[in-house]
Amino acid sequence: MDLNSFKLLPRSFFRRDTILVAKELLGQLLVRVHGDSGVLVGRVVEVEAYKGLEDPASHAYRGNRGRASIMFGDVGYAYVYFTYGNHFCLNVVAKDELTAAGAVLFRALEPLQGVDIMMKNRGTTRLLDLTSGPGKLTKAFDISRSFYGVDLTSKGDLFLAEGWMGKDESVCSSPRIGITLAKERPWRFYLCGNPYVSR
DNA sequence: CACCCGATTATCT
DNA sequence: GATAATCGGGTGT
């Protein structure tokens with residue numbers, strides 16, 4: 001696999017309104033250089049936007065401290081957190097210059113390359129279940145705590161690259177999943193009808 | 001298919 | 001001590 005064929009998303013991509021970045025991440029590529037075993041590639045089909053001090057559902061709601069402090073830092077970096085005692089979730093820090101904190105959660109991918117390795121990492125052969133959830137995709141891509149703070153705008157072990165939108169594809173939205181506060185905000189975005197979306 | 005629940009730990013009250 | 005930006009296995013329809 002030739003990494004030169006991937007066109008990185010520039011840091012300026014992420015230095016815009018969090019909601020806008022979330023929508024525009026749909027169709028882009030998440031690339032994982034997985035040691036000697038190969039390159040994993042997934043196309044983003046579902047995300048959620050989390051703001052900062054004005055978003056009660058956000059980890060950044062309580063201020064610049066703890067694990068969420070990275071959401072107050074520069075854009076384009078990975079925010080990885082451990083949840084429910086079992087799973088890791090991957091976010092990218094994204095916000096405009098006037099906003100203190102914000103990030104976009106990756107909720108589902110369409111597997112494009114390295115499917116065999118993803119199946120091995122996940123312990124399943126069911127293609128539709130491989131990366132159709134925030135905890136599933138981190139497991140498939142072997143992303144854990146060590147990716148906290150990684151720059152996703154440079155070609156390291158994990159980065160984001162330019163993808164595409166199909167002519168017949170469009171963006172749907174809904175309330176965010178699994179939260180108890182600010183339930184009504186329609187900040188979950190996904191490709192309408194895509195089979196790899198989590199639900 | 002729907003609903004229910006246990007796993008397992010970081011974070012907050 | 002309770003809850004959580006989740007998942008997968010169980011039971012019942």
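In the text below, chain A, chain B and the rest are named by the order of the sequence lines, each starting its count at 1. Values below: all heavy atoms of this structure, side chains included; hydrogens, waters and symmetry mates excluded.
Of the residues A:Asp151, A:Val33, A:Thr153, the one that meets the side-chain contact (heavy atoms from CB on, under 4.5 Å) test with A:Phe159 is A:Val33.
Residue contacts shown for A:Arg199 are absent, as no nucleic acid heavy atom lies under 4.0 Å away.
Side-chain N/O atoms of A:Arg62 include none lying less than 4.0 angstrom from OP1 or OP2 on B:dT11.
If you check the side chains of A:Asp96 and A:Thr99, you find a donor sitting under 3.5 Å from an acceptor.
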Query raised in the report: Which letters describe nucleotides 4-10 of chain C, given B = protein heavy atom under 4.0 Å from base, S = only from sugar-phosphate, - = neither?
Result: BBBSS--
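Applying the Watson-Crick and G-U wobble criteria (two distances, each under 3.5 Å), B:dT8 pairs with nothing in any strand. Nucleotide C:dA5 forms a pair with no other nucleotide shown, judged by Watson-Crick or G-U wobble geometry with both contacts under 3.5 Å.
For residues 112-186 of chain A, the set of pairs meeting the disulfide bond (SG atoms under 2.5 Å apart) definition, not counting sequence neighbours, comprises A:Cys172-A:Cys192.
A straight line from NZ of A:Lys183 to P of C:dT3 spans 13 Å, rounded to a whole angstrom. We find that CZ of A:Phe82 is positioned 16 Å from P of B:dC12, with the value rounded to whole Å. In this entry the distance linking CG of A:Asn64 with C1' of B:dT11 reads 16 Å, nearest Å.
By the criterion of side-chain heavy atoms lying less than 4.5 angstrom apart, applied directly or through intervening Ile, Leu, Val, Met, Phe, Trp or Tyr residues, A:Tyr196 is grouped together with A:Leu191 in one hydrophobic cluster.
Two residues are said to be in side-chain contact when any heavy atoms from C-beta on lie closer than 4.5 Å; A:Val104 and A:Phe14 fail this criterion. Using a 4.5 Å cut-off on side-chain heavy atoms (C-beta onward), A:Thr138 and A:Phe106 make no contact.
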